[in-house]
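Source: prediction; values computed, not measured. All residue numbers in this chain count up from 1 along the given sequence. Both backbone and side-chain heavy atoms feed into the values below; hydrogens, waters and symmetry mates do not.
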Amino acid sequence: STDRRTIVASIQSANLVLPLTVCTVYAPAQHRPRERFFRNLLQLPFFAGPTPPQAILLGDFNMRHHESNRYPALQDWVRRNMIDCILGSRQSPLPTFFHSQSTIDYMFLSPDLARDCSNPSQTYACNHSDHDLLSVSIKPTARIKRGKGSW
């Protein structure tokens with residue numbers, strides 16, 4: 001079980017070639033529960049096999065994905081299958097959690113979506129959160145061909 005800390009949703013649209021799959025996580029802050037959480041997380045169908053097409057993995061991972069390898073199974077899966085769309089050309093991400101000046105919030109995209117990604121941003125959200133807001137623009141490949149006329 002992921003203790004109600006994970007939401008996986010499939011979004012259908014007439015304009016998408018395939019459904020968009022979004023996996024949002026909120027990992028426990030303490031190491032032992034987080035370790036168990038990540039182990040269980042990898043049992044979800046989202047993580048089975050190769051990267052799901054048109055997939056987004058995001059949330060508060062409560063770990064420094066780019067600095068350590070404390071959770072190798074999850075981190076290896078992410079490195080093999082997803083792209084950090086917020087990082088861009090920087091070598092190190094900016095802090096997203098201000099109490100410890102660490103990066104624990106991430107947004108990863110499957111390679112097919114990463115090609116359609118633009119405008120990554122990291123914004124101070126508000127006084128009610130100690131995390132930054134991460135956002136990107138994604139214009140996925142359209143399924144419907146446009147013909148004559150106004151669209």
Side-chain angles (χ1 to χ4, degrees), residues 1-13 15-141:
S1 156
T2 54
D3 300 325
R4 297 180 171 183
R5 292 178 165 271
T6 305
I7 298 171
V8 179
S10 181
I11 301 167
Q12 304 268 346
S13 168
N15 294 329
L16 296 176
V17 175
L18 298 168
L20 179 68
T21 305
V22 179
C23 179
T24 304
V25 302
Y26 178 47
Q30 297 78 25
H31 172 66
R32 290 214 186 275
R34 186 170 53 243
E35 190 173 50
R36 185 173 45 253
F37 171 80
F38 287 145
R39 198 171 39 249
N40 291 333
L41 184 70
L42 289 171
Q43 303 306 310
L44 294 176
F46 182 90
F47 296 93
T51 310
Q54 295 194 172
I56 302 172
L57 173 63
L58 64 120
D60 180 348
F61 288 79
N62 270 313
M63 71 162 172
R64 295 177 176 112
H65 173 77
H66 60 287
E67 289 180 5
S68 71
N69 204 26
R70 282 188 96 168
Y71 309 98
L74 174 69
Q75 290 174 276
D76 290 346
W77 187 92
V78 169
R79 286 184 191 111
R80 278 192 323 272
N81 296 288
M82 306 297 273
I83 295 171
D84 184 338
C85 62
I86 300 297
L87 184 61
S89 61
R90 291 190 313 270
Q91 294 295 317
S92 298
L94 298 172
T96 60
F97 182 64
F98 287 98
H99 287 302
S100 63
Q101 285 294 302
S102 59
T103 306
I104 59 174
D105 306 291
Y106 295 92
M107 183 184 299
F108 302 105
L109 301 180
S110 57
D112 58 332
L113 273 186
R115 286 189 303 268
D116 300 327
C117 171
S118 62
N119 304 319
S121 72
Q122 180 176 335
T123 310
Y124 174 72
C126 66
N127 292 334
H128 303 292
S129 176
D130 49 10
H131 295 264
D132 277 355
L133 174 66
L134 305 177
S135 66
V136 295
S137 297
I138 301 171
K139 185 177 179 186
T141 306

Inter-residue atom distance Cys23.SG - Leu57.CG, 0.5 Å rounding: 5.0 Å
Polar contact flag, side-chain donor to acceptor under 3.5 angstrom, Tyr71-Arg34: yes
Donor-acceptor under 3.5 Å (Arg5 side chain, Val25 main chain): no
Closest approach of Phe47 to Leu41 (non-hydrogen atoms, all atoms of both residues): CD1-O, 3.1 Å
Main-chain N/O of Ala27 paired with Asn62 side-chain donor or acceptor, under 3.5 Å: yes
Distance, nearest 0.5 Å, that separates OG1 of Thr6 from CZ of Phe37: 3.5 Å
Nearest heavy atoms of Pro19 and Ser10, plus distance in Å: CB-OG, 3.3 Å
Phe61 and Phe108 aromatic ring geometry - parallel, tilted or perpendicular at 30°/60° bounds: perpendicular
Set of side chain to side chain contact (heavy atoms under 4.5 Å, CB included) partners for Ile83, sequence neighbours left out: Pro111, Ala114
Qualifying residues under side chain to side chain contact (heavy atoms under 4.5 Å, CB included), relative to Asn81, sequence neighbours excluded: Thr51, Trp77
Rounded distance [0.5 Å steps], CD1 in Ile56 versus CE in Met107: 7.0 Å
For Leu74 against Met63, the heavy-atom pair lying closest together: CD2-CE, 3.9 Å
